K.L.:
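I'd like to ask some things about the structure below.
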Amino acid sequence: MAIKQPQIQRIDRAHQEAIIQAIIQDGCCIIQNFTDVETVQKVNAEAKPYLDADKPWKGELFPPETRRCANLAGRSQTARENWLVDPLVRALTAKFVDKTTSNFYGETKHTYTSEAVCTIAMTFDIGPGAKAQRLHRDDKNYHVDHEDQTATGYRVGSDVEMAFMVPGVKTTVDNGATLAIPGSHLWGGDRAPLLHEARPATMEVTDCWVMLGGLYHAGGANVTEAERRIVHGMFFTRGFYRQEENAYLANRPEEVLKWSPAAQKVMGFELSSPNIGFVEFQTPLQYLRGEEAHEFGDFDPSQEKD
Ligand SMILES: O=C(O)CCC(=O)C(=O)O
Ligand SMILES: [Fe+2]
């Protein structure tokens, strides 16, 4: 008997409860009427100088035809002050990413909620001729142990990351629409994703793709002659997935550069494998030294093995 594969649902932003149910069931959906054309055009224009200045990647994370705009939150006022703080985005991250726990201080019970923060905001501009990315879970960076939830159904709170991707152009199967496997957020860590299980999340300008960090997906191949596929991504994680004391603000760069390599590393100025803590596609130390970012490559070479 053929197992029915779920399709990607398309739901208007007015139907928040239906969006939540789709994410619980499929791990993803397309939010229709998320934004308007004028706002998308402004974000495209704000990201463009950085996309134009970006260089080909030399590792396996991205095909060389892809250009990126890192630090989109800092560089696009429009993305930051409209999408990043959108009440629907906040409602969804509150539901799926925020974490509340209770503890005793003496005999008194205290309950705290750590709210979601933006972990990365980046534009992905896939150029003609680019191969598809490999299917992956973005939460690999947070070392999540995925239990098999296919029989039990999804436990809200079992993901630590959530992504929102707003297309800057209409995305199609040919220009590299994001590929995703609906339902794969429920899979245990030992199940490999197969390309034939993936569906293209084709979107109109004003739509928004939302997915959990445990959903298998990939940037698609761009087989067009001349179309660039631009998508603005905003990713959220738990607010406590960072160091308790903020050494990056407490210490001046010239002081940090005088520390021993072991001290720099233990204070977080290297990366956590595979990808956590980069700045402008460099380690914090490379960035502080002012190294030229000409050799873009995978942060952890073990990512290159297929
Ligand atoms: O470009 C896309 O559609 C997805 C990019 C992506 O999944 C990634 O870089 O982690
Ligand atoms: Fe991804």
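Predicted, not measured: the structure shown is a model, and the values here were computed from it. Hydrogens, waters and symmetry mates play no part in the numbers below; they use all other heavy atoms, side chains included. All ligand and atom numbering here is 1-based and tracks the order in the structure.
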K.L.:
Write out the residue and atom name of the closest protein heavy atom to atom 10 (O) of ligand 1, then the distance separating them to 0.1 Å.
P.N.:
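Ranked first by proximity to atom 10 (O) of ligand 1 is H136 NE2, 3.0 Å.
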K.L.:
Determine, for K140 against E161, whether the closest basic-nitrogen to carboxylate-oxygen distance falls under 4.0 angstrom.
P.N.:
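E161 and K140: not salt-bridged.
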K.L.:
Counting the benzene-type ring for Trp, do F164 and F236 have ring centres under 6.0 Å apart?
P.N.:
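Yes, they do, as the ring centres are separated by less than 6.0 Å.
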K.L.:
Looking only at protein heavy atoms, which one is nearest to atom 6 (C) of ligand 1, and what is the separation?
P.N.:
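Of every protein heavy atom, Q133 OE1, 3.1 Å lies nearest to atom 6 (C) of ligand 1.
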K.L.:
Identify, by atom number and element, the atoms of ligand 1 in contact range of T178, meaning under 4.0 Å from any of its heavy atoms.
P.N.:
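Here the atoms of ligand 1 in question are 2 (C), 3 (O).
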K.L.:
May I ask whether D138 places a heavy atom under 4.0 Å from ligand 1?
P.N.:
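Yes; D138 lies near enough to ligand 1 that a heavy-atom distance drops under 4.0 Å.
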K.L.:
Please write down residue, atom name and distance for the protein heavy atom closest to atom 7 (O) of ligand 1.
P.N.:
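Ranking protein heavy atoms by distance from atom 7 (O) of ligand 1, first comes H217 NE2, 2.9 Å.
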K.L.:
Regarding R229 and the six-membered ring of F124, is the cationic atom NZ or CZ under 6.0 Å from the ring centre and inside 45° of its axis?
P.N.:
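Relative to the ring axis of F124, which defines the angle, R229 lies outside at least one limit.
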K.L.:
Please could you name the atoms of ligand 1 that F62 approaches to less than 4.0 Å, counting only its heavy atoms?
P.N.:
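Atoms satisfying the 4.0 Å criterion: 9 (O).
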K.L.:
For F235, which residues count as a ring-ring contact (aromatic ring centres under 6.0 Å, His included) partner, sequence neighbours excluded?
P.N.:
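Scan of F235 (ring-ring contact (aromatic ring centres under 6.0 Å, His included), adjacent residues dropped) gives none.
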K.L.:
Do you know which N/O/S atom name in D138 is closest to the Fe ion (ligand 2)?
P.N.:
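Looking only at N, O and S atoms of D138, the one nearest the Fe ion (ligand 2) is named OD1.
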K.L.:
Report yes or no: does R229 have a heavy atom closer than 4.0 Å to ligand 1?
P.N.:
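It does, in that a heavy atom of R229 comes within the 4.0 Å cut-off of ligand 1.
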K.L.:
Tell me, do H232 and N44 make a side-chain contact under 4.5 Å, heavy atoms counted?
P.N.:
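Of all side-chain heavy-atom pairs linking N44 with H232, at least one is under 4.5 Å.
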K.L.:
Relative to ligand 1, is M211 under 4.0 angstrom through side chain, backbone, both or neither, heavy atoms considered?
P.N.:
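It is neither part, as no heavy atom is under 4.0 Å.
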K.L.:
Which residue, K48, R67, R228, forms the salt bridge (Lys or Arg N to Asp or Glu O under 4.0 Å) with D125?
P.N.:
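Of K48, R67, R228, salt bridge (Lys or Arg N to Asp or Glu O under 4.0 Å) with D125 is met by R228 alone.
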K.L.:
Let me know which of R90, R238, K99 forms a salt bridge (Lys or Arg N to Asp or Glu O under 4.0 Å) with E115.
P.N.:
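That would be R90; it is the only one of R90, R238, K99 passing the salt bridge (Lys or Arg N to Asp or Glu O under 4.0 Å) with E115.
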K.L.:
Starting from the Fe ion (ligand 2), look over the N/O/S atoms of H217 and name the nearest one.
P.N.:
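Relative to the Fe ion (ligand 2), the closest nitrogen, oxygen or sulfur of H217 carries the name NE2.
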